[in-house]
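Note that these values count all heavy atoms, side chains included, but never hydrogens, waters or copies made by symmetry. The first residue in the sequence is number 1, and the count goes up from there.
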Amino acid sequence: MSSYTPEVEGTHIFDARKSLQARALNKMLFSLKHPENREEFTADEAAYCDKHRLNEEQKRAVLERDWKGMTEIGASIFYVIKLAAIDKKSMQDLGASSRA
């Protein structure tokens, strides 16, 4: 069975393919739900990204806090918010930074 996902100008689609491509990124972001992982991440962000085998594009997006970029490459917004919370950012802050 085929499916059709409409494209809307100025948006990106989060689907199974994108999620799979960003599996390492999503797993790393989700791991930040645990206090000990947040401590490890804040102690050495680059090393934590490397530990989770993020590719260079994913690592750059995390280290530069490219919120929109993370979702464009397949990160779930529900996991991105875990990283944002470390920086004391709200969902509204992320939305504002994503305005084109």
Side-chain angles (χ1 to χ4, degrees):
M1 173 188 285
S2 65
S3 66
Y4 173 75
T5 303
E7 292 186 28
V8 178
E9 187 178 335
T11 66
H12 58 275
I13 304 298
F14 180 79
D15 58 10
R17 183 182 59 79
K18 279 283 192 183
S19 179
L20 185 59
Q21 289 174 343
R23 188 169 196 276
L25 175 58
N26 282 314
K27 284 182 71 173
M28 188 279 293
L29 292 169
F30 186 70
S31 76
L32 298 174
K33 71 179 187 171
H34 299 291
E36 62 274 14
N37 291 341
R38 292 192 298 271
E39 288 178 21
E40 183 180 349
F41 175 80
T42 57
D44 190 340
E45 294 182 5
Y48 197 79
C49 291
D50 291 339
K51 175 182 174 180
H52 287 271
R53 299 183 176 178
L54 270 57
N55 65 35
E56 287 304 312
E57 180 182 32
Q58 294 167 345
K59 183 176 176 180
R60 180 207 53 78
V62 169
L63 297 179
E64 293 179 7
R65 300 305 197 267
D66 181 0
W67 309 113
K68 184 178 180 186
M70 281 184 249
T71 60
E72 288 174 344
I73 61 175
S76 166
I77 190 63
F78 299 106
Y79 297 163
V80 171
I81 200 71
K82 293 181 183 321
L83 173 60
I86 291 173
D87 294 345
K88 300 190 181 348
K89 300 282 184 193
S90 69
M91 184 66 81
Q92 291 80 8
D93 293 322
L94 272 59
S97 71
S98 296
R99 289 260 315 144

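Ring geometry, Tyr79 versus Phe30: the interplanar angle falls from 30° to 60°, so the pair is classed tilted.
Expressed to the nearest 0.5 Å, how far CE of Met28 lies from CZ of Arg23 amounts to 14.5 Å. Here the straight-line distance linking atom CG of Leu25 with atom CG of Leu83 works out to 9.0 Å at 0.5 Å rounding. If you take NZ on Lys82 and CG on Leu29, they are separated by 9.5 Å, rounding to the nearest 0.5 Å. The distance from atom CZ of Phe41 to atom NZ of Lys51, rounded to the nearest 0.5 Å, is 12.5 Å. One distance of note links CE of Met70 with CG of Asn26; it measures 11.0 Å at 0.5 Å rounding.
Here the closest non-hydrogen pair linking Ala75 and Ala22 is N-CB, 4.0 Å. The minimum heavy-atom distance linking Gln58 with Gln21 is given by the pair NE2-O, 3.5 Å. Closest heavy-atom contact between Tyr48 and Ser31: OH-OG, 2.6 Å. Considering all non-hydrogen atoms of both residues, Ile73 and Ala61 come closest at CD1-CB, 4.4 Å.
Applying the side chain to side chain contact (heavy atoms under 4.5 Å, CB included) test to Thr42 and every residue at least two apart in sequence or in another chain returns Ile86. With sequence neighbours excluded, the residues satisfying salt bridge (charged side-chain N to carboxylate O under 4.0 Å, His left out) with Arg60 are Glu64, Asp66. Remark: Ala46 engages Asp44, Lys59, Leu63 in a side chain to side chain contact (heavy atoms under 4.5 Å, CB included) (not counting sequence neighbours).
Asp93 places a side-chain N or O within 3.5 Å of a backbone atom of Ser90 that can act as its donor or acceptor partner. A side-chain donor-acceptor contact under 3.5 Å links Arg65 to the backbone of Val62. Judged by distance alone, with hydrogens and angles left aside, the side-chain atoms of Arg53 form no donor-acceptor pair with the main-chain N or O of Ala24 at under 3.5 Å. With Asp87 contributing its side chain and Lys89 its backbone, the two residues share no donor-acceptor pair below 3.5 Å.
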